[in-house]
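Notes to accompany the following structure.
Quick note on labels: first sequence line is chain A, next is B, and so on, each numbered from 1.
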Protein chains: 2
Amino acid sequence: MGRHRAFDEEEVIDAAVAGFWEKGYGATSIRDLAARMQMGGASLYNAFGDKRGLFIRALQRYLDLSSRRRMAELDAAADPLAALHDFFANLVAASLCDRRGCLLVNAAMEVAPIDLELGADIRDGLKEVEDGFRRTIERAQQEGSVDAGMRSEDVARRLLSAVISVRVLARLGEDRALLESIVRSALPPRER
Amino acid sequence: MGRHRAFDEEEVIDAAVAGFWEKGYGATSIRDLAARMQMGGASLYNAFGDKRGLFIRALQRYLDLSSRRRMAELDAAADPLAALHDFFANLVAASLCDRRGCLLVNAAMEVAPIDLELGADIRDGLKEVEDGFRRTIERAQQEGSVDAGMRSEDVARRLLSAVISVRVLARLGEDRALLESIVRSALPPRER
DNA sequence: GATTTTTTAGATCGCCCGATCAAAAAAACA
DNA sequence: TGTTTTTTTGATCGGGCGATCTAAAAAATC
């Protein structure tokens, strides 16, 4: 019973993701968001509770569509080391195109220190990335394309570190040489 | 001619640094800052022009007192590799103590994408850090404590990447194991 | 001591913020 | 068709924001 919602939930959350991603949590106003989502402010509050509630939904949506999707691609790849190289090539290319960086890393910086509950979600999101790297490295080690002598946890963390710093430097507008240099020294080389 | 200023400029800028460092640029209000600096709002505007002007001064002060000071310590160290290890040990310890991270990295994330002029200052600041690392690595190579076969620019950038990601993870409240793992795989080992 | 210049204190400006409210609209039930 | 439940609209709330204004206070110059 009751009036139907006039919006598609995934669509409006995607619009919210775009807003938070571009300008951050604090600098994106409810009015900005409502305009992007093409709905009234009261509808927004009725559907998502408050700004924080909407941000949590947006972050989960970003995790599903960006992080988890990419980790699933790694898991599905026939050649794990090549897939990692592709991943980082795309990362560098995306980082040179725009300055949005990664919503997860942006939120880690802006929101985590003042919202510990959200901080835990963000930490979990990064852990999923780390674990995805670790699985892929282990597959590459079993396959023989990565030295099995290294601890896969350490390599995974080195890759996570590279992702984070590239995402930070993307927001600074740093050049290709710097980003590629960071990726090169974190990623196990292709030919052996 | 004219009335003398009732405040010590370095003191009040230090207070501004503390404010911006703790809460970021956008979330620190002029009233917050004026209270910390123990001066009236009008005096603040009279002395620094506007909020952005104060932030620029605060960032320069941070560069002088934190970044450049630490780079000077590296340059002055008798044992360059040991000094680098000390630097990163201190970095990890500080990152476990509080979530402020690094004002330069915080500003890179929050301010650089929307203020290109300030972004250039931040980029210059990080370049100074990178150059400091490079000089220290080169000294270590001449000394024989670091493999002279590596390109010092690449090692320096790997260290910069480690600093950045540790600073990000500090704001997330990540644990010692993760931070140390990142540092360990970026830093040339001590014994050879 | 009068004048000029600068800094101070406190009030205030217009604006935008997150959030809420009352009332109308739309759908499901009786 | 009348009742009930939910969503929508548009106005509005109190509050904090960056910035400015006026006037008084303090110092240097004449």
For this session: Can you sort out the partners of S67(A) under side-chain contact (heavy atoms from CB on, under 4.5 Å), two or more places apart, ordered by chain and number?
Result: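 Partners of S67(A) by the side-chain contact (heavy atoms from CB on, under 4.5 Å) criterion, ordered by chain and then number, come out as Y62(A), L63(A), L104(A), V129(A).
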
Problem set entry | Y25(A) backbone acceptor or donor facing E110(A) side chain under 3.5 Å |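 Side chain of E110(A) to backbone of Y25(A), a donor-acceptor pair under 3.5 Å: yes, one is there.
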
Exercise. Are any side-chain N or O atoms of S161(B) and backbone N or O atoms of S165(A), one a donor and one an acceptor, separated by less than 3.5 Å?
Worked result: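 Side chain of S161(B) to backbone of S165(A): no pair is present.
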
To the nearest Å, give me how far apart [atom1] ([X]) and [atom2] ([N]) are.
X      : N       : atom1 : atom2 : value
L33(B) : dC17(D) : CG    : C1'   : 12 Å
F48(B) : dT20(D) : CZ    : P     : 16 Å
I30(B) : dT20(D) : CD1   : P     : 11 Å
F20(B) : dG18(D) : CZ    : C1'   : 12 Å
Y45(A) : dA11(D) : OH    : P     : 18 Å
D32(A) : dA19(C) : CG    : P     : 14 Å

For this session: Just do the salt bridge (charged side-chain N to carboxylate O under 4.0 Å, His left out) check on R139(B) and E143(B) with the steps written out, would you?
Result: CA-CA 6 Å; R139(B) 281 209 298 136; E143(B) 194 198 53; over 6 Å; no

For this session: Go along nucleotides 4-10 of chain C 5' to 3' and tag each nucleotide: B for a protein heavy atom under 4.0 Å from its base, S when only backbone or sugar atoms are that close, - otherwise.
Result: BBBBBBB

For this session: Say whether S181(B) and D154(A), considering side chains only, have a donor N or O and an acceptor N or O under 3.5 Å apart.
Result: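 There is such a pair (donor and acceptor under 3.5 Å, judged by atom type) between the side chains of S181(B) and D154(A).
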
For this session: Would you confirm whether the ring centroid of F87(A) sits within less than 6.0 angstrom of the ring centroid of F133(A)?
Result: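 Between F87(A) and F133(A), which both carry aromatic rings, the centre distance is below 6.0 Å.
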
Exercise. G49(A) or A27(A): which one's nearest nucleotide on DNA chain C is closer to the 5' end?
Worked result: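 The 5'-side residue here is A27(A).
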
Exercise. Is there a donor on the side chain of R31(B) or the base of dG16(D) sitting less than 3.5 Å from an acceptor on the other?
Worked result: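 Checked by distance alone, the answer is no.
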
Problem set entry | Distance below 4.0 Å between S29(B) side-chain N/O and dG16(D) OP1 or OP2 |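 Looking at the OP1 and OP2 atoms of dG16(D), neither is under 4.0 Å from any side-chain N or O of S29(B).
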
